[in-house]
Colleague: 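This structure is in structure tokens; I'll ask about it shortly.
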Amino acid sequence: MRAERGALRRYYTFRVAPIPARTSSELHECRQCCSFCDRVVHPSGCIASGCQYLYLYDDEETGSRFMGCMNKVFRGEIDVELFEQAERTRQGFGGVKMTGLPLPQCRSTVERAYDGYTEAFDCVNPHFFHKPERGDVDEAFDLRDEL
């Protein structure tokens with residue numbers, strides 16, 4: 001009986017084979033190791049490249065100006081004044097979590113939430129560091145047009 005428990009324990013520590021991404025959140029998040037990686041897009045790259053999908057609008061109630069992405073590479077709308085203040089610092093504004101597929105002109109990176117020095121933090125999904133493509137998303141799960 002003890003030999004069987006030892007055998008089960010050894011198998012329990014093996015890594016699970018990666019499952020192909022089915023949704024955009026799975027496509028832009030990797031939780032297979034303890035580092036927790038996310039794909040982010042840098043809005044400063046949108047401005048530098050003159051991206052045609054970057055939009056600006058003025059909120060009449062507050063008088064603030066916001067910017068966003070019409071292609072929904074990122075969904076959040078950013079206060080332009082706060083963005084410009086952050087860009088004047090050494091760190092800059094930084095990245096915004098990616099929610100759609102990046103365009104060729106998008107400046108995107110992968111950011112790790114945690115750094116560690118043990119085996120648990122070693123990357124087990126090096127493919128995650130490549131830019132995603134249209135074929136990586138299962139279109140059957142795209143519910144934008146209908147339920």
Side-chain angles (χ1 to χ4, degrees), residues 8-147:
L8 289 175
R9 183 171 285 157
R10 278 192 306 243
Y11 291 117
Y12 180 75
T13 60
F14 288 128
R15 300 202 189 275
V16 177
I19 300 169
R22 306 294 284 179
T23 64
S24 65
S25 66
E26 291 175 2
L27 188 64
H28 301 304
E29 298 176 351
C30 181
R31 303 296 188 255
Q32 294 183 21
C33 68
C34 291
S35 292
F36 286 21
C37 296
D38 290 315
R39 283 196 178 96
V40 296
V41 63
H42 298 273
S44 59
C46 304
I47 293 171
S49 69
C51 182
Q52 62 184 356
Y53 296 104
L54 186 68
Y55 68 86
L56 294 172
Y57 79 92
D58 295 319
D59 185 6
E60 294 177 3
E61 291 181 19
T62 63
S64 298
R65 178 171 277 185
F66 295 92
M67 67 178 173
C69 178
M70 284 191 288
N71 204 33
K72 296 300 179 195
V73 175
F74 64 93
R75 290 190 187 202
E77 293 178 335
I78 301 165
D79 188 321
V80 174
E81 184 179 345
L82 296 176
F83 174 80
E84 290 172 347
Q85 288 176 4
E87 281 295 297
R88 286 192 287 266
T89 65
R90 187 171 27 158
Q91 288 86 17
F93 183 78
V96 178
K97 186 165 180 174
M98 194 180 293
T99 57
L101 292 175
L103 301 169
Q105 69 266 23
C106 292
R107 197 176 102 211
S108 61
T109 58
V110 173
E111 291 187 0
R112 297 173 65 153
Y114 305 106
D115 282 328
Y117 302 104
T118 63
E119 187 178 313
F121 291 92
D122 291 345
C123 181
V124 295
N125 187 10
H127 177 71
F128 185 74
F129 289 87
H130 302 292
K131 265 193 172 181
E133 297 176 4
R134 288 261 174 233
D136 294 339
V137 178
D138 187 356
E139 298 298 328
F141 287 93
D142 186 3
L143 300 176
R144 286 180 282 190
D145 295 327
E146 60 187 57
L147 273 172

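Since we're looking at a predicted model, the values are computed, not measured.
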Colleague: Looking at CZ of F74 and OG of S108, how far apart are the two atoms once the value is rounded to the nearest 0.5 Å?
Modeller: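 Going from CZ on F74 over to OG on S108, the span is 12.5 Å.
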
Colleague: Nearest heavy-atom pair of C33 and A120: which atoms, and what distance?
Modeller: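 Minimum heavy-atom separation between C33 and A120: CB-O, 3.4 Å.
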
Colleague: Suppose the criterion is salt bridge (charged side-chain N to carboxylate O under 4.0 Å, His left out): which pairs have a residue in residues 77-91, not counting sequence neighbours?
Modeller: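 Those involving residues 77-91 do not exist here.
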
Colleague: Got a sec, which pairs hit salt bridge (charged side-chain N to carboxylate O under 4.0 Å, His left out) with one end in residues 35-49, sequence neighbours left out?
Modeller: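 Pairs touching residues 35-49 that pass the test: R31-D38, D38-K97.
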
Colleague: Would you compute the distance between atom CG of L103 and atom OG of S49 and round it to the nearest 0.5 angstrom?
Modeller: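 Between atom CG of L103 and atom OG of S49 there are 9.0 Å.
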
Colleague: Measuring only between side-chain heavy atoms, which start at C-beta, is Q105 closer than 4.5 Å to Y53?
Modeller: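 Contact flag for Q105/Y53 side chains = yes.
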
Colleague: Taking side-chain contact (heavy atoms from CB on, under 4.5 Å) as the criterion, tell me which of L82, I78, D59, L56 meets it with F66.
Modeller: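 That would be D59.
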
Colleague: May I ask you to test the V96-P43 pair for a side-chain heavy-atom distance under 4.5 Å?
Modeller: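 Answer yes - side chains close enough.
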
Colleague: Which salt bridge (charged side-chain N to carboxylate O under 4.0 Å, His left out) pairs, counting each pair once, include a residue from residues 99-113, with sequence neighbours left out?
Modeller: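 The answer is R112-D115.
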
Colleague: Once rounded to the nearest 0.5 Å, what's the spacing between atom CG of D58 and atom OG of S64?
Modeller: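 Reported to 0.5 Å precision, the distance equals 9.0 Å.
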
Colleague: Could you tell me which non-hydrogen atom of C30 sits nearest to which non-hydrogen atom of N125, and how far apart they are?
Modeller: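 The pair with the smallest heavy-atom distance is SG-ND2, 3.5 Å.
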
Colleague: Looking at SG of C51 and CG of N71, how far apart are the two atoms once the value is rounded to the nearest 0.5 Å?
Modeller: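 Interatomic distance, C51 SG to N71 CG, rounded to 0.5 Å: 7.5 Å.
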
Colleague: Is it the case that atom OH in Y57 sees more than 12 heavy atoms from other parts of the structure closer than 6.0 Å?
Modeller: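 Enclosed.
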
Colleague: Whether the side chain of S35 engages the backbone of G116 through a donor-acceptor N/O pair (distance < 3.5 Å, no angle test) should be reported.
Modeller: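 No, the answer is negative, given that no donor and acceptor are paired below the 3.5 Å cut-off.
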
Colleague: Do the side chains of M98 and V40 get nearer than 4.5 Å, heavy atoms only?
Modeller: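 V40 does not reach M98 side chain to side chain.
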
Colleague: Taking all heavy atoms of T109 and all of H42, pick out the closest pair and write down the distance.
Modeller: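 Heavy atoms only, the tightest pair is OG1-NE2, 3.0 Å.
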
Colleague: So, taking the atom named SG in C123 and the one named CZ in F129, what distance separates them when rounded to the nearest 0.5 Å?
Modeller: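 It comes to 4.5 Å.
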
